Peer 1: 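Shown below is the structure under consideration.
Chain letters run A, B, ... following the sequence lines, proteins first and then strands; every chain starts at 1. Note that the structure is a prediction, hence the values are computed from the model and not measured.
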Protein chains: 2
Amino acid sequence: MAAPARPTQPRRSDATRAAILRAARERFAADGYERATIRAIAADARIDPSMVMRYYGSKEGLFAAAAEFDLRLPDLTVVPSERLGETLVRHFLARWEGDETLVALLRAASTNPGAAERMRGIFTDQLASAVATSGTGETVTARRAGLVASQILGLAFTRYIVRLPPMVDVEPEELVSWIGPTLQRYLTGRPGN
Amino acid sequence: MAAPARPTQPRRSDATRAAILRAARERFAADGYERATIRAIAADARIDPSMVMRYYGSKEGLFAAAAEFDLRLPDLTVVPSERLGETLVRHFLARWEGDETLVALLRAASTNPGAAERMRGIFTDQLASAVATSGTGETVTARRAGLVASQILGLAFTRYIVRLPPMVDVEPEELVSWIGPTLQRYLTGRPGN
DNA sequence: GTCTATAATTCGATAGAC
DNA sequence: GTCTATCGAATTATAGAC
């Protein structure tokens, strides 16, 4: 009907939407889902709180948009099989320190059912499919991915959420040398030693 | 002054206090600190909300009382050194499944600074002192304890909070056989393989 | 597109009767 | 010791002016 001639022209509101998402990620990461208020997010983004509602419908809708996340796992089939563990730890550390979205999701997942569901999706779909190796059953693959998730999320929880001093102070490469072999065993080893 | 002759006589209010604490642990474990309301806790305990305030002063005070926790770590000096890992995993699993206080603390620690501080205290004081072995420096001991905490808390987070299916469905002894060796290496091994 | 004003809840906390 | 009543503050969400 009244479609504009240039559908790809950036709308003026895009900048506002982006500012809202950036502020939302910060607040959700710092305070969790319940304590992060739309008012505070709007104040950070220098806009009116009602704009948040207009653009994202509800607080849940805002969180869903702000917590969109891709682990960006590398193609593990081209990684030497004996270096899978250290590759994953290094990748996750970089991914975690460079994007606060994952911290926001982690904090919110503790109390918000929707965030927990999204967390399950990410670590079930993205991680499980990335570590799937031909020749092993689904149950075994899922279990290996679950164990990897437990150590990765435990690392993030102690380092970024609870901030246990020894886990905060340690150098990233030191973490790689300790946790890399753990993931390696979860991915390619057997239970027992 | 007017001290009663039998100071050890149980007061009638003790039963009420205990009921409040039990309900509080359930709610904090299920909903986290912010979503658990004093009104809901009082309803579960079949008492008036104002009683909670009277007995515990504030919501923070109630949480502090409800989240009192002891890991009850066994004496690790009598455990054969090569079985430290599996012993710890088995102990933590039993401790976690048998007492929802730890789940309440874990959920609350994600968003409540006081709960996070308590979590740090538990895993710094109780765990670090339990794994302290003579002859190694403080920094190394603290790092080993931190790594153990990261895997234990990651196990709890994925199994009891996020409820990742492969971590929920797996048998406890299967977890012991996978995670036990991890803790063993964190406690007595070296970085690298 | 942006903002003011406010509706409708809900919460923690307090005062005080019995 | 227990309960009723309520305060004051904060929240999400909506209606509508400009």
Side-chain angles (χ1 to χ4, degrees), chain A residues 2 4 6-7 9-24 26-28 30-67 104 107-108 111-115, chain B residues 2-4 6-7 9-28 30-67 104 107-108 111-115:
Chain A
R6 298 277 306 277
Q9 179 183 3
R11 289 169 299 182
R12 198 180 341 171
S13 60
D14 286 350
T16 303
R17 299 181 83 103
I20 293 173
L21 281 189
R22 188 156 18 94
E26 279 182 28
R27 283 286 178 175
F28 283 132
D31 301 334
Y33 183 82
E34 284 80 15
R35 298 169 84 105
T37 68
I38 289 182
R39 289 166 141 85
I41 291 166
D44 289 352
R46 306 290 179 82
I47 52 107
D48 193 88
S50 64
M51 301 304 307
V52 178
M53 302 299 298
R54 180 174 174 84
Y55 286 145
Y56 296 99
S58 68
K59 186 177 179 178
E60 289 256 356
L62 173 63
F63 179 80
R107 251 213 182 88
T111 55
N112 186 267
Chain B
R6 297 279 303 280
Q9 177 181 0
R11 288 168 299 181
R12 197 181 342 169
S13 60
D14 286 350
T16 302
R17 299 182 83 102
I20 293 174
L21 281 189
R22 188 154 20 92
R25 285 193 199 97
E26 280 182 27
R27 285 284 178 176
F28 283 132
D31 301 334
Y33 183 82
E34 284 81 13
R35 296 168 85 106
T37 67
I38 289 181
R39 288 167 146 87
I41 291 168
D44 289 353
R46 308 288 179 83
I47 53 105
D48 192 89
S50 64
M51 300 306 307
V52 178
M53 302 299 299
R54 179 170 175 86
Y55 286 147
Y56 296 99
S58 67
K59 188 178 180 178
E60 288 258 357
L62 172 62
F63 180 81
R107 255 215 177 83
T111 55
N112 187 267

Peer 1: Quick check on Arg35(A): does its CZ atom have over 12 non-hydrogen neighbours (other residues, nucleotides or ligands) under 6.0 Å away?
Peer 2: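 Yes, the 6.0 Å shell around CZ holds more than 12 heavy atoms from other groups.
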
Peer 1: To the nearest 0.5 angstrom, please state how far the CZ atom of Arg25(B) sits from the CD1 atom of Ile41(B).
Peer 2: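 Between Arg25(B) CZ and Ile41(B) CD1, I get 11.5 Å after rounding to 0.5 Å.
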
Peer 1: Using the six-membered ring wherever Trp is involved, compare the ring planes of Phe63(A) and Phe28(A) and label them parallel, tilted or perpendicular (cut-offs 30° and 60°).
Peer 2: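 Because their plane-to-plane angle is over 60°, the rings of Phe63(A) and Phe28(A) count as perpendicular.
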
Peer 1: Looking only at heavy atoms, what is the nearest atom pair of Ala42(A) and Val52(A), with distance?
Peer 2: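 Scanning both residues, the minimum pair turns out to be CB-CG2, 4.1 Å.
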
Peer 1: Does a donor on one side chain sit under 3.5 Å from an acceptor on the other, for Thr111(A) and Glu34(A)?
Peer 2: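 Thr111(A) vs Glu34(A): donor-acceptor pair found between side chains.
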
Peer 1: Check the distance between dA15(D)'s P and Asp48(A)'s CG and give it to me in whole angstrom.
Peer 2: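 Taking atom P of dA15(D) as the reference, CG of Asp48(A) is at 16 Å.
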
Peer 1: Take Ile20(A) and Asp44(A), measure what side chain to side chain contact (heavy atoms under 4.5 Å, CB included) needs, and give me the verdict at the end.
Peer 2: CA-CA 8 Å; Ile20(A) 293 173; Asp44(A) 289 352; over 6 Å; no

Peer 1: If we check side chain to side chain contact (heavy atoms under 4.5 Å, CB included) with Ile38(B), which of these qualifies: Met53(B), Met51(B), Arg27(B)?
Peer 2: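 Between Ile38(B) and the candidates, side chain to side chain contact (heavy atoms under 4.5 Å, CB included) is satisfied uniquely by Met53(B).
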
Peer 1: Without decimals, in angstroms, what is the distance between Met53(A) CE and dC3(C) C1'?
Peer 2: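 Those two atoms, CE and C1', are 15 Å apart.
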
Peer 1: How long is the line joining CZ of Arg35(A) and C1' of dG12(C), in whole Å?
Peer 2: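 It is 13 Å, rounded to the nearest whole Å.
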
Peer 1: Roughly how many Å is it from CD in Glu34(A) to P in dT10(C), rounded to a whole number?
Peer 2: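 Checked: the CD to P distance equals 16 Å.
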
Peer 1: For DNA chain C, which residues in residues 55-66 of chain B have a heavy atom at a distance below 4.0 Å?
Peer 2: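 When residues 55-66 of chain B is checked for heavy atoms under 4.0 Å from DNA chain C, the hits, listed by number, are Ser58(B), Lys59(B).
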
Peer 1: Give the nucleotide from the list dT4(D), dC3(C), dA13(C) with an atom nearest to the side chain of Ser50(B).
Peer 2: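 Of the candidates, dT4(D) comes closest.
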
Peer 1: Which nucleotide sits closest to the side chain of Thr37(B): dT2(D), dC11(C), dT11(D)?
Peer 2: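 Nearest nucleotide to the side chain: dC11(C).
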
Peer 1: Rounded to the Å, how far apart are Arg46(A) CZ and dT2(C) P?
Peer 2: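 Distance, rounded to whole Å: 16 Å.
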
Peer 1: To the nearest angstrom, how far is Ile41(A) atom CD1 from dT11(D) atom P?
Peer 2: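 Distance check: Ile41(A) CD1 to dT11(D) P gives 11 Å.
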
Peer 1: Could you give the CE-to-C1' distance, from Met51(B) to dA13(C), as a whole number of Å?
Peer 2: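 Rounded to whole Å, this separation is 15 Å.
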
Peer 1: Given dA15(C), dT2(C), dG12(C), identify the nucleotide with an atom nearest to the side chain of Ile38(B).
Peer 2: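 Selected nucleotide: dG12(C).
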
Peer 1: Whole Å only: how far is the CD1 atom of Ile20(B) from the P atom of dG1(D)?
Peer 2: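 Distance check: Ile20(B) CD1 to dG1(D) P gives 11 Å.
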
